[in-house]
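Right, one structure below, let's go through it.
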Amino acid sequence: MPGAAVELQGITKAFPGLLANDAIDLDLRAGEIHALLGENGAGKSTLMNVLTGIYQPDAGRIVMNGAPVRFASPKDAIAAGIGMVHQHFKLIRAFTVAENIHLGWPDTPFRTSAALLESRTRALSERFGLLVRPDARVEDLSAGEQQRVEILRVLARGARVLILDEPTAVLTPGEAAALVRALRGFVVSGYAVILISHKLDEVLEVADRVTVLRAGRKVATLRAAECSQAQLAALMVGREIGGRRRGGAGPRRVGPIVLQLAGASADDERGVRALADVDLSVHAGEIVGVAGVAGNGQRELTEVLTGLRPVTEGQVRIGGRVMFGADPAAFLAAGVGHIPEDRLRSGLAPSMAVADNAVLREYRRPPVARGALFRPGAALALARRIAADAHVMVPNMRAPVRNLSGGNQQRLVARREMRVSAQALVAAYPTRGLDIGAIDTMLRYLAEMRDRGVGVLLVSEELDELLGIADRVAVLFGGRIMGVFPAGEAEPERIGLLMGGRAEAA
Amino acid sequence: MRLQRVAAIGPWTVVATRVLSVAAALLVGGSVFAFAGYDVPTLAASVVQSSLGSLFGLEDLGLLFSPLILTGLAAAVALRIGLWNIGGEGQFYAGAIAATLAGLNMHGPASLMLPLLALAGFAGGAAWVLVPALARAFLLIDEIITTLLLNFVAVLLVNYLCTGPLRDPAQAVTSASARIPYEISPLLDDLHWGLGVSVALVAIMAGLSAFTRWGFETRLAGANRHAAHYAGIPVRRRLMQVLLLSGGLAGVAGMLEVVGTVHRLQGGISNNYGYLGVMVAVLAGGVPWAVLPAALLMAVILNAGTVLQAYGVSNYEVLALTGLVLLFTAVGERLAYYRPARRPVRAA
């Protein structure tokens, strides 16, 4: 049995108003893949930032090979053999692979040339068994190739402990399988790997042991072979995860049509037709799911339905009223809420205060507005209420919203939009990037809106999720609706075929 | 010493950083003067004495302070919506031209004419930024370049007017317009109520920004225009409004200068106020009320320049000092996010 490569003992780290890590113990053994599992905001990132020297712990210590070590900066951690591959790659896109590998590396020769860097990179690539093209520019590489460059960069600097943050999130299934094989190879030769992940099946398949964090505390460390997905899920969220949320078995009582596209077409940014002759309606009190591979007109569909993008042909109707032109304010006033696909780009102003972002949709009306006036006090009160509804702990409402975790931002946006969705709510990938606890909450929100008699349009890539919650499912391919099915009758196989563009075989 | 970055800093840290940056810039500037053989303590004492220690000094300071407040406010207002109006200089002149034309050609009681001239100044400044504003809002043409280039056009236009159509034939030597027959009532001897108007405009802009829906919309559009569009805000219209307002404020500065202080339109009256206003806005971090201390600091430095000339220090050396202040402020703004790394607690 190999000994511990790294031991974290009683790591505690507090931020103003938040105890991110509370006396966490973790031992990582050479030769194992150790999964770190937890909801958004459970403290995984903070713990890894402590281990990689980005944060200094308030209490506790890091022990390597029996001796306590201190990392005052990421440099110290790298020197001690701890390397991290971040979820968002930190590569220079305009540089070649070889240049990226050698950038900021003390071992890079003083006198150098492209040929020398490339031959050194080739040697490293062979030594670690990670196939890269040394002379290729990073911007030309696939996500999987970029990730190999990142890993190689870390290994070249002598890492014996490799931390990967959601490494498979950006990979195709084939690339993910290749990555797993590579990781297996590393641990066999004595490396240790920490794998941060949301995907329970992947964790159970790949990891030797699993440590679960919840609300800043360690809940358990288990051998992967001895636990089930359900058990891990329960440990992560501390409660049972709901099953299907569809209403009773009988036909649901739905109201009149609240959101309707009639023969609607729209162009994308480049002026290319992205939505072609779409007929789609959402009734009050139902959830209509939109299935499809991303990039088949989903963005344009949601933008047309919320007034962000004009239709080139056809009509958009809200509650029977025809909407003219792209006018987000008019759609908002008509009672259409929107959880946008990319919350940091269009749903939030990252540098502005949490309070300002929370009132972004309601600053025009009382109590936040009084005539032309904006009342900061009333805005703060409303923001507190939305944050409380969203169960988001905000230590400081005046702090920029980018300081909140992704899951918290998403819940805040969702609750904000629910308040303005008097008629309909358009939700684009609301669960993307969230852990299962947060996904559960988000779907509960949507069900709550449906039960209140609001029409909900849910765009998602997760077919299980759509079939689990939607009343009807529409399939979008190449900007066209391929078919609309009652969710109860929709077979995943048939929908899968339609998503791939195969027309209905009679 | 090791440093680590923090995610957010409080407002008092920002203020402290500003103060430290300015102090550091003055220290470096002072050291250079000392190397050059000047007796820095004497110079400093003389600067303080002559600008803050006498009524005359305070008056001179006030005359510099007032236009710097307005050009600084103009740049700061544009920064709130994320735009760099570098054209304060040209808008200042455009405002001065408009006010001069109105003042020389229209007649009426001062109580009516002065507000009218201010309005003319505002309109002149706004008109000067109209083309850059349209280009920015509809064609996404960078406003930094367009506003900057129009400064040179305005300078040439003033020179043309003062040596040509508007030249005062009674004055043989200088190239200046005739005297404008309206005066702003004095606050002290030479210092006029323009200072009061400037401070009042700061208060109005601060109020607009913090307590109106329009202010919220412009702040949001400045922070993220996609989010502003999503929130239902007419972003283009707000961009236009803000730039026109910004130009108008610089135009009012020009009007106050030409009507209140110089009394004639002539070349060089802007005294670089337009460019210094950009520095004031950066020092103020784009926050309207913070324009007041920032403009005061700039005024003190400019005033020091006049005093130091008596000791043989050239005006350029003093302008270099303003550059140092800007440089240190910009560096300080980044450094404010770093803290000495705390030593980890040793486990027992």
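The sequence lines fix the lettering, A, B, ..., with proteins before strands; numbering per chain opens at 1.
Proximity to chain A is absent for every atom of B:A228, based on heavy atoms less than 4.5 angstrom apart. Within the 4.5 angstrom heavy-atom criterion, no atom of A:I62 approaches chain B. Residue A:E417 touches chain B through its side chain alone, counting heavy-atom pairs closer than 4.5 Å. Interface remark: A:R416 contributes side-chain atoms only to the contact with chain B (heavy atom separation under 4.5 Å).
With hydrogens and angles disregarded, no donor-acceptor distance shorter than 3.5 Å links the side chain of B:Y230 to the backbone of A:L348. With hydrogens and angles disregarded, a donor-acceptor distance shorter than 3.5 Å links the side chain of B:R213 to the backbone of A:G371. Checked by atom type and distance alone, the side chain of A:R364 pairs as donor or acceptor with a backbone atom of B:G232 at under 3.5 Å.
Applying the salt bridge (charged side-chain N to carboxylate O under 4.0 Å, His left out) definition to pairs two or more places apart or across chains, those involving residues 220-249 of chain B are B:E217-B:R238.
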For this session: Output, in order, the C-alpha distance, side-chain angles, deciding distance and verdict of side-chain contact (heavy atoms from CB on, under 4.5 Å) for A:R375 and B:F211.
Result: CA-CA 6 Å; A:R375 301 164 65 211; B:F211 299 111; over 6 Å; no
Please tabulate, one pair per line, all N/O donor-acceptor pairs under 3.5 Å involving side-chain atoms of residues 120-133 of chain B, not counting sequence neighbours.
unit_1, atom_1, unit_2, atom_2, d
B:W128, NE1, B:L150, O, 3.1

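Within a 6.0 Å sphere centred on CH2 of B:W84, other residues, nucleotides and ligands contribute 12 heavy atoms or fewer.
Ring pair A:Y363/B:F216 is tilted by interplanar angle, where 30° to 60° counts as tilted.
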